[in-house]
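Heavy-atom basis, side chains included; hydrogens, waters and symmetry copies ignored. Chain identifiers are assigned alphabetically (A, B, ...) following the order of the sequence lines, protein sequences preceding nucleic acid strands; residue numbering begins at 1 within each chain.
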Amino acid sequence: MRWSESLINTLWQAPSEAEISSHKLMLRAGLIKKLAAGIYVFMPLGLKVLRKIENIVREEMDNSGALELLMPTLQPEQLWQESGRWNTIGKEMIKVQDRRERQFGLGPTHEEVVTDIIRKEIKSYKQLPVTLYQIQTKFRDEIRPRFGVIRAREFIMKDAYSFDQDIDGLNKNYKKMYNAYCKIFDKCALEYQIVEAESGIMGGNVSHEFMALADSGEDTIVHCPSCGYGANMEKAEIVNNEQKKANKGKEKSIEKVNTPNVKTIKQLTEFLKISPKNLVKTLIYKTNDQIVAVLIRGDREVNETKLLKLLQCVGLELANSDTIEKITGAPVGFTGPVGLKEKIKIVADNEVLNMKNFTTGANKKDAHLLNVNIERDFKIDISGDIRFITKSDQCPKCAGHIKIKKGIELGHTFKLGSKYSESMGARFIGKDGREKSIIMGCYGIGVSRIIAAVIEQNNDENGIIWPKSIAPYQVEILPVNVNDKETIQIAEKLYKKFLSEKIEVIIDDRNERPGIKFKDADLIGIPIRITIGSKKAKDNIVEIHKRDTGENKSVNVDDLLKNLTNICSFV
RNA sequence: CGGGGCGUAGCGCAGCUUGGUUUAGCGCGCCUGCCUUGGGAGCAGGAGGUCGGAGGUUCGAAUCCUCUCGCCCCGACCA
């Protein structure tokens, strides 16, 4: 490729909308252009990278025995009614109508379509197992698109679906995919961590997330260096024994104190000069069918995913102030478990069970209660692990010290079981002649997101540093002065040789000053740069520069031509 | 959706508070010519804007008011 014909337009300054380095660099290097919030054009240079990643994904999927197909983006409402997700998936799915006012969704994922295909195609156990995959555009109307292609509303995803006779088969296929995913992310030179995850709206019980480690990541993960345990924040369990020691001592008598205008935990701890650890906060939550009071230690945060699971309900939100006043008889900020005006279920975090003589709201304006105790003063209806893990908690597996890190979710795998096959009637006749539901797994990779994750992990103040495997070009030829005869002769000779050897090469043939060309080369981050300057060109010498290490080496052109495919060995 | 902020040339911004000397500016980029060629040079000339849009106030609106659209940040949400 000749730069002069490439439509690579770099920017000196990143557009102000970009916050994180990958987004800034993708815009500055001209890989993508924004069309609307969360909707991007892949420019030729960006598309080259995207295709490379797609090919890596495709190769590993094919190696694992999965079959590629292509499903439609436009999906009829009826299918989603069958699975029951037309309503539960909510506003995330972009819904459209055709001219006859029939409803369609733009596919955010393809369980429904693929299950429909399978229930029509698979009749017998002899056709199983089978795994299908596609690399395709997905639409999700994200509440808040962010960070360029990391959280986009239209993006490229690889989604795969496995179909088995039984759980054993699923486990085998799941392992295969898991291994393929590791290979894919290894090839992309990503540093990642695999964590246990919640399966959410997808269903099923076992689920793993593949997280690229990055400070700018939106997800938080827990990792134990001593035993290797990993989980995302929603999932990470808490082994609760920290407070047991503090639990000794007598129950003191309950006491009401005036706390005028003291509403927040912070104000309260300052006012009463107590630690938030001696405080129990009471949050009023609304589910689809009930209102509950949730008790948690003052310095902890409620993990709503865990709470949802414990309550076995759908829909969970903090009650508004009107509801709180109605339930507790006091304004927001003075809620407690003792003397609630209306009788509601009281849910407590495990940690609270071990607390004694703690402080709570009094359900009365400007008042709190000291020395509150469970059983004596109020009863708990349900308890469980409902808080977020913190770095001072122990590893749930080995009780070691855990680390908390930020990550970008690259891939997610699920053991779905029969959730979709049952609701949509995907069955097969087994060897025993009996009809059974097919056992499914599903596996997703955010293909376009990988680009951002790679850049996030591989850049410096000058630009992108592509790993060879996904670099848009392997080599950039940089003739310093295109008006110098010897320079351009050598540059063209090398360029043609690279082309004939099928090594991806770009030549910066623009009649620009050297500074501009060097800056642009650093920005777009091609792994190897061959600089041709007029002085050395006279001696038939060029300079090879590695973008990642910054190493330079002068090489004779003839030696280089003889050994092009080993170009890296020169440095 | 709740809270906050921003829309002025391809990108980054000033002007708005206090309406009129601004024919709407500046830096970068873009075009032409000269000059220059190892890290975003210099000189000279030039193109590019319905100041996000629609109403309104006014003799007069980028500037004030109302509505609207778009974008960004924080939060909640999320495979």
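- With a 6.0 Å cutoff to the six-membered ring centre and a 45° limit on the axis angle, Lys519(A) does not count as a cation-pi contact of Trp12(A).
- For an aromatic pair to be called close, the ring centres must be under 6.0 Å apart, and Tyr40(A) with Phe155(A) fails this.
- On the C1' atoms, G10(B) is 24 Å away from C73(B), given to the nearest whole Å.
- Across G29(B) and C11(B), the matching P atoms stand 15 Å from one another, rounded to whole Å.
- Between His208(A) and Tyr178(A), the two ring planes are perpendicular [angle over 60°; tilted spans 30° to 60°].
- Atoms CD (Glu461(A)) and P (G40(B)) sit 15 Å apart, rounded to a whole Å.
- Counting heavy atoms from C-beta on, the side chains of Tyr443(A) and Ser162(A) come closer than 4.5 Å.
- His412(A) places no side-chain N or O within 3.5 Å of a backbone atom of Cys442(A) that could act as its donor or acceptor partner.
- For U8(B) and C71(B), the P atoms lie 14 Å apart once the distance is rounded to whole Å.
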Annotated protein contacts, base or backbone, on nucleotides 72-77 of chain B with a non-hydrogen cut-off under 4.0 Å, one of B, S, - each: SBBBBB
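- Base pairing analysis places U36(B) opposite nothing; no Watson-Crick or G-U wobble pair with both distances below 3.5 Å involves it.
- The base-pairing partner of G20(B), taking Watson-Crick or G-U wobble contacts with both distances under 3.5 Å, is C59(B).
- Side-chain atoms of Ile56(A) and Cys188(A), non-hydrogen and from C-beta on, do get closer than 4.5 Å to each other.
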Annotated protein contacts, base or backbone, on nucleotides 25-39 of chain B with a non-hydrogen cut-off under 4.0 Å, one of B, S, - each: --BS-------BBBB
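- Judged by Watson-Crick or G-U wobble contacts below 3.5 Å, the nucleotide C6(B) has G70(B) as its partner.
- Between the side chain of Asn303(A) and the main chain of Met233(A), a donor-acceptor pair closer than 3.5 Å is present.
- Under the Watson-Crick or G-U wobble criterion, with both distances below 3.5 Å, G75(B) is paired with C1(B).
- Under the Watson-Crick or G-U wobble criterion, with both distances below 3.5 Å, G45(B) is paired with C31(B).
- Residue pairs meeting the salt bridge (charged side-chain N to carboxylate O under 4.0 Å, His left out) criterion with at least one member in residues 28-47 of chain A, sequence neighbours excluded: Glu17(A)-Lys34(A).
- Spacing between A24(B) and G53(B) at atom P, rounded to whole Å, works out to 15 Å.
- Between Asp460(A) and Arg547(A) there is a salt bridge, since at least one side-chain N of the basic residue sits less than 4.0 Å from a carboxylate O of the acidic one.
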